[in-house]
Structure formats: C-alpha cells, structure tokens
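Whatever order the structure lists them in is the order used to number ligands and atoms, beginning at 1.
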Amino acid sequence: DSVFAHIAQAPEDPILGVTVAYNKDPSPIKLNLGVGAYRTEEGKPLVLDVVRRVEHQLLNDLSRNKEYIPIVGLADFNKLSAKLIFGADSPAIQENRVSTVQGLSGTGSLRVGGEFLAKHYHQRIIYLPQPTWGNHTKIFALAGLTVKTYRYYAPATRGLDFQGLLEDLGSAPSGSVVLLHACAHNPTGVDPTLEQWEQIRQLIRSKSLLPFFDSAYQGFASGSLDADAQPIRLFVADGGELLAAQSYAKNMGLYGERVGALNIVSKSADVASRVESQLKLVIRPMYSSPPIHGASIVAAILKDRDLYNDWTIELKAMADRIINMRQQLFDALRTRGDWSHIIKQIGMFTFTGLNPEQVSFMTKEYHIYMTSDGRISMAGLSSRTVPHLADAIHSAVT
Ligand SMILES: Cc1ncc(COP(=O)(O)O)c(CN[C@@H](CCC(=O)O)C(=O)O)c1O
C-alpha cells in the first residue's frame, strides 16, 4: 500500500476554510464575511482600474520578457515599496540603511523575516498580539522562533488592553521580537492611538525589543497611505532598527499575484548591505526568486505620479465603502444593544464579540459565513445585505 497511507486528513484553515464551506452552500441568500478580501457593493471582487490600465500597457510592451528576476526581486519595486511605507523623506532611506527584498505577498515576507531572525538574531522569542492573524503563529513557529503572546484586546470594552500590553512587553526578555500590526489590526479592528504608539515605541526601545511590523492594510484603515504608516515612521524616526513586511494584496487588489516586500532597517548602510546579502541566502533555497508580473504592476503605479494619484483615489473609495458599511450595520443594530464598537473599530474587520456557538447559529440559520472568533469582513457586506446580517446578529444574541 501507499507510503503515505499513515497520513491523517488535515483540518481546513480557520480563515480560508470558511470560503470552502461558503462555496458548498447552495442557498441563494448565503453571505461570505470570512476572508479579508474586498468586495464591491455588488458583492464582486475588484480589480482596480489603475491596475487594469497598467497591466494592459505592460502586456503591450514587446520589449518586456519573462526572464528570472533577481533573488531580491525587482530593484525599482523594492526602492518604491520602501518609499511607500517609510516616506519619501525617510532618514533611513536617505542614509541607505534599508534592506528591501520582494516577497511572496505579506505571508512570504513575514516568513523570510522569521527565517532570517531564526538564523541571525540572538533572541529567538517573538511576541504576537493576543489575538492576532491566525497564520502568524504557524509562520514564526515553523521559521524556528519561540512564539509568545502579549495582551492586546480587552473583551470587556472591545477595545485595546493597553495596560496589559505595556505589562507584557515590559516583562518580555530583553531583545525579544515584537510583532506589531502597522494599522487595521486583524482580527480586532482595534488600533493604538498615536500617543499610545509613542508609549509603545519608548518601551520597546528602552528594553531593546526588536519591532517587526506587519503592514497588510496600508491605506485601507484611514484611506490615507501616509496616515496609516505613521506608527512605523515614528519608530524609524528614532534611528532604531526594525523589520517591516508589506502586502499589496488588499490595498492594490493583487491578492493572487502574491506581491509584497520585507524591509529591514539597520543602524548603518554597511550593516544593511550585509543584511541584504544574507536575506538572499534565505530566499534562494526557499523559492529562488519572486514572480515578475505583480511587482511590475506595483512599480509602474508607484513610479508615475498620475497613476499613483489614481490609485490613491480608488484606495480611498474602498476604505470609504468599508466605513460606510460600518455605519449602516451600526444603524441597523442601534436599537438592539450597544454595538458602538462597529464604528469605533478600523480597517477590514469588525470583531463582533459573537462566540463560536452564535457564529455557527448564524451560519446554520442565516447562511452567513464568518470566522469562528466572531470576526466579520466588512468588505463582504453591501447595503442590500446589511439588514440580513443585522437580523442574524440580533437573533444570535437574544
Ligand atoms: C495581518 C495580516 N498579515 C498578513 C496577511 C497576508 O496576506 P497576503 O495575502 O499573504 O499578503 C494578512 C491577510 N489575511 C486576510 C486574508 C486571508 C488570509 O490569508 O488569511 C484574512 O485574515 O482574511 C493579514 O491579515
């Protein structure tokens, strides 16, 4: 019999498995609020107009070929990606202290960062917020780091457990890596205020902790690319070191193209160039080099002022639609208890506070699909489906 006969059936992924279940449901009123992927008012995936225009140009450019790109990715993509997150006037960029490698979207960039730290950083403990994106734990554990958590979400207030966060990071072993969601925290939608970020920065620097930012939603939280990057820029401005993973899945709608970057800010240009040389040794045996197409689209948009402006307009429209869905859902639930967290939270997700039993009730009785932790992707909603969700939530909690 098979040499793999002993292999057990693996469970579906807690997030991506929701879509698998949704696809199997024949109900005409089914609603997928699971995966964090933008949908239009008509409930359809969106390819940005600026992306379509650039893609058309690229495909018509007969001088382009499909040769391997470097291990570190497209040079102009890397430069422009660092500029997008750190700002054109970033001191770290001016002083050549940023090592950037193109990654397989956010996930791949986080994994390369994790493997790099496991190989070259003295402290192999990484602190993840509690709760965090489910894949974080697996990415860093498989990279060889010891995963711990720091308090982040306060169920009682459905807001930030700031004291708990400060206590846990305050008692972390010196040098520990701290994973920070740059903006639009997944799954809670709860972000620190800029004042709280400053306190977090002071604590992290005073204990020589190493910040590792995960920026998967830049521009999606507030609608402004620069506003959403303020926390990261606060840290870079103090001259300290950090890692920052970027994803273009959501803010440029390039989900399946797998476009992202890993940036490491070091204390000197000399260190940065040695860091980049070692990043190549992590990437080469993992996937050798990243894909050319998506990164070419991003580079073409970021390097052209008009295309960049067109992108910011479409990005703000996506963020605004999500904010509008928050308001509509809040209005539909206003007379049915305190749901103010729906309009206080920010980004793609609302952390409703519904428990797994209530979630499965909503799936069974209303064909509404969401992750069992009570997270809903606001982008999956439309004005037409808000009443259906509001009714389902109301029935689930009464
Ligand atoms: C905080 C965070 N980091 C990284 C990623 C990775 O995204 P990439 O596609 O690799 O760039 C996600 C996507 N999380 C979404 C999308 C589905 C998933 O991958 O889980 C989510 O949580 O629904 C994320 O929420």
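- In this structure, Y248 has its ring center closer than 6.0 angstrom to the ring center of F77.
- Here the closest non-hydrogen pair linking A300 and V54 is CB-CG1, 3.6 Å.
- Just one residue in the list R151, K207, K148 forms a salt bridge (Lys or Arg N to Asp or Glu O under 4.0 Å) with D168, and that residue is R151.
- No close placement of the F351 and H341 rings is indicated, their centers lying 6.0 Å or farther apart.
- No close placement of the Y38 and Y255 rings is indicated, their centers lying 6.0 Å or farther apart.
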Could you pull out every N or O of ligand 1 that sits under 3.5 Å from a protein N or O, with the distance for each pair?
{"residue": "ligand 1", "atom": "3 (N)", "partner": "D214", "partner atom": "OD1", "Å": "3.4"}
{"residue": "ligand 1", "atom": "3 (N)", "partner": "D214", "partner atom": "OD2", "Å": "2.6"}
{"residue": "ligand 1", "atom": "7 (O)", "partner": "K250", "partner atom": "NZ", "Å": "3.2"}
{"residue": "ligand 1", "atom": "9 (O)", "partner": "R258", "partner atom": "NH1", "Å": "2.9"}
{"residue": "ligand 1", "atom": "10 (O)", "partner": "G106", "partner atom": "N", "Å": "3.3"}
{"residue": "ligand 1", "atom": "10 (O)", "partner": "T107", "partner atom": "N", "Å": "2.9"}
{"residue": "ligand 1", "atom": "10 (O)", "partner": "T107", "partner atom": "OG1", "Å": "2.6"}
{"residue": "ligand 1", "atom": "10 (O)", "partner": "R258", "partner atom": "NH2", "Å": "2.9"}
{"residue": "ligand 1", "atom": "11 (O)", "partner": "S105", "partner atom": "OG", "Å": "2.6"}
{"residue": "ligand 1", "atom": "11 (O)", "partner": "G106", "partner atom": "N", "Å": "2.7"}
{"residue": "ligand 1", "atom": "11 (O)", "partner": "S247", "partner atom": "OG", "Å": "2.6"}
{"residue": "ligand 1", "atom": "14 (N)", "partner": "W133", "partner atom": "NE1", "Å": "3.3"}
{"residue": "ligand 1", "atom": "20 (O)", "partner": "W133", "partner atom": "NE1", "Å": "2.8"}
{"residue": "ligand 1", "atom": "22 (O)", "partner": "W133", "partner atom": "NE1", "Å": "3.4"}
{"residue": "ligand 1", "atom": "22 (O)", "partner": "N186", "partner atom": "ND2", "Å": "2.8"}
{"residue": "ligand 1", "atom": "22 (O)", "partner": "R375", "partner atom": "NH1", "Å": "2.8"}
{"residue": "ligand 1", "atom": "23 (O)", "partner": "G36", "partner atom": "N", "Å": "2.7"}
{"residue": "ligand 1", "atom": "23 (O)", "partner": "R375", "partner atom": "NH2", "Å": "2.9"}
{"residue": "ligand 1", "atom": "25 (O)", "partner": "N186", "partner atom": "ND2", "Å": "2.7"}
{"residue": "ligand 1", "atom": "25 (O)", "partner": "Y217", "partner atom": "OH", "Å": "2.7"}

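- K280 NZ: 12 or fewer foreign heavy atoms inside a 6.0 Å radius.
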